[in-house]
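See structure below.
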2 protein chains.
Amino acid sequence: MNNKTPFKPLYQEVQQAITHKIIAGEWKPGEMLPSEFQLADMLGVSQGTVRKALNALGESNVVYRRQGVGTFVSENTLKDMLFHFFHYKFNDGSERGLPTAKLIKMRLIKARGKIKEELALDHEEKVVEITRTRLIDRTACISEKIYLPLRYFDGLDQEGGLPNSLYHYYQEQFQITINKASDKIRAVIANQTDNDLIGVALGQPLLEVSRVAKALDGKIVEYRISRVDSEQLHYLVELN
Amino acid sequence: MNNKTPFKPLYQEVQQAITHKIIAGEWKPGEMLPSEFQLADMLGVSQGTVRKALNALGESNVVYRRQGVGTFVSENTLKDMLFHFFHYKFNDGSERGLPTAKLIKMRLIKARGKIKEELALDHEEKVVEITRTRLIDRTACISEKIYLPLRYFDGLDQEGGLPNSLYHYYQEQFQITINKASDKIRAVIANQTDNDLIGVALGQPLLEVSRVAKALDGKIVEYRISRVDSEQLHYLVELN
DNA sequence: CAGTGGTCTAGACCACGCT
DNA sequence: GCGTGGTCTAGACCACTGT
């Protein structure tokens, strides 16, 4: 008879409804959402149901909640991004300044092979390739190659410079909020390019971190390969 | 006046009370806890408060909950452990058999330097040093050095062999449940020992993962250094 | 069918941040 | 003091699992 109705809890509907409004731009990054009771009235459910939905959205960093203040759409600010998406620490345990970035090259290419595959593209679309180095306290320690489908970042290739926090820039300029990512970490040997870009000796071991990042709506919007000076930095993972 | 009462929610008290009973062995790994209503009666709070506490314990993997069945104390079974604490994947994307382990050496040493430091020991205590390799489909791909304070693992040095899933073994033999860990990932160059243990060529890049693991009560109980053949495996991190 | 966790509601009250 | 999220309670009902 196949009479299976998968059953979807009401709070998940509410969660989706709110998410869609955020994606649609009804509430923009940094803005405050209506209170729990107002949302409950708007959506015709009880306050407890809205609460559960908002807490779930808080868990996945779509919004953040502050007691006594309100619920706000998450911003990809540099500080938050460091916490969520930047897990490099100094080997000696020292805390230093915020990382900056130096743009080396930006060009338009066609996505082929691994780039096309990792970005899950059907065709050989145009993508922007960004090459840059990251510096902490003026010392270069990471080189990055970043691939962005031009489809999502129209006009990006015309830009002259880029800010330190790309994710915040994506959000402000292109209404793309990075929300999830997965990092594949491998060990590689430094080549001449690494020597040129971050000054590591040829033959030295490096971490190569290959990241695929997704926006709020689940679409893959960025592929990024970082090569990290392992003599200076390590990658830290907390397992709970 | 300094009349600050930090305010501790009731459900956190409940959470701690339940955690303590689990640590004390009142409910053992794999056993079912009383139902929400029974716990509520026992502790003199409402069912909703118990629910919030149990869900929090579920989040941190102290218990797991199954609708229609019950709430159970988590077991460090091989399958769960792989999901939580084993994040190595094959570079070619293939899924293969479960990892096995081959014991190379076990000896008793005094904790000094980095070992003492990472295990947060005050004195040069005795620790068990375990050297083993891990194999997937009979191919060696990881070598591990594991350091365990003898204080927590009394008699371990007398054992002849060890099972594949150490964490399950800690739990069954020593009533120690591994609950949290942090991994520091670096890149290194294979040396003669790596060549002997996992057959990687000298000079090849490896991942070195240095893990500190904590038990339910928060105590550091294990320090482990893994050296991973990066030609075969990578370390995968999901950022949400 | 009995028992468990999961959802949803309604209402009271508390803690917090801002003004 | 006001408005916000956070806690706690009580009760009804639903969905899932195993017997």
Side-chain angles (χ1 to χ4, degrees), chain A residues 1-19 21-22 27-75 80, chain B residues 1-19 21-22 27 30-75 80:
Chain A
M1 303 286 266
N2 204 356
N3 55 348
K4 47 180 170 185
T5 333
F7 174 63
K8 194 165 192 188
L10 190 49
Y11 75 89
Q12 286 183 15
E13 306 272 10
V14 172
Q15 201 176 326
Q16 285 191 350
I18 295 173
T19 305
K21 291 197 180 188
I22 291 174
W27 304 305
K28 296 193 165 50
E31 284 182 11
M32 184 176 149
L33 269 59
S35 74
E36 293 180 350
F37 280 104
Q38 287 171 336
L39 283 168
D41 285 349
M42 288 165 58
L43 298 165
V45 298
S46 82
Q47 175 257 3
T49 302
V50 170
R51 162 162 274 270
K52 184 152 187 178
L54 287 176
N55 281 338
L57 291 174
E59 281 292 302
S60 51
N61 296 303
V62 175
V63 302
Y64 62 93
R65 318 196 69 192
R66 284 172 52 203
Q67 182 175 168
V69 187
T71 301
F72 302 83
V73 181
S74 291
E75 284 181 286
D80 286 348
Chain B
M1 301 287 268
N2 204 359
N3 53 348
K4 46 180 170 186
T5 332
F7 174 63
K8 193 164 191 188
L10 191 48
Y11 74 89
Q12 285 184 15
E13 306 272 9
V14 172
Q15 200 175 327
Q16 285 192 351
I18 295 173
T19 304
K21 290 196 179 188
I22 291 174
W27 303 305
E31 284 182 12
M32 184 175 148
L33 269 59
S35 74
E36 294 180 349
F37 280 105
Q38 287 171 337
L39 283 169
D41 284 350
M42 288 165 58
L43 298 166
V45 299
S46 83
Q47 176 256 2
T49 302
V50 171
R51 163 162 273 271
K52 184 151 188 178
L54 287 176
N55 280 338
L57 291 173
E59 280 292 301
S60 52
N61 296 303
V62 175
V63 302
Y64 63 93
R65 317 196 70 193
R66 283 172 51 203
Q67 181 175 169
V69 187
T71 301
F72 303 83
V73 181
S74 290
E75 284 182 285
D80 285 349

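Protein chains get the first letters and strands the later ones, always in sequence-line order, with residue 1 at the start of each.
Atom-to-atom, CD of A:Q47 to C1' of D:dG3 comes out at 13 Å; the value is rounded to the nearest Å. Protein atom OH of B:Y11 is 13 Å distant from nucleotide atom P of D:dT9, rounded to whole Å. Between A:R51 atom CZ and C:dA10 atom P there is a gap of 16 Å when expressed in whole angstrom units. Protein atom CZ of A:R65 is 18 Å distant from nucleotide atom P of D:dG3, rounded to whole Å. If you measure from atom CD of B:Q12 to atom C1' of C:dC14, you get 15 Å, rounded to the nearest angstrom. When rounded to the nearest whole Å, the span between CZ of B:F72 and C1' of D:dC16 equals 13 Å. Put simply, CZ on B:F7 is 16 Å from P on C:dC13, counting in whole angstrom units.
Between A:K52 and C:dT7 there is a side-chain polar atom (N or O) within less than 4.0 angstrom of OP1 or OP2. Contact annotation: A:T71 side-chain N/O to D:dT4 OP1/OP2 distance is not under 4.0 Å. Close to D:dT7, at under 4.0 Å from its OP1 or OP2, lies no side-chain N or O of B:T49. OP1 or OP2 of D:dG18 has at least one side-chain nitrogen or oxygen of B:R66 nearer than 4.0 Å.
Taking 4.5 Å as the limit, every side-chain heavy atom of B:V62 sits out of range of all side-chain heavy atoms of B:I18. Side-chain atoms of A:L43 and A:T49, non-hydrogen and from C-beta on, never get closer than 4.5 Å to each other.
Toward the 5' end of DNA chain C, the nearer of the two residues B:G68 and A:K8, judged by each one's closest nucleotide, is B:G68. With the nearest nucleotide of DNA chain D identified for both B:V45 and A:N55, A:N55 has the one nearer the 5' end.
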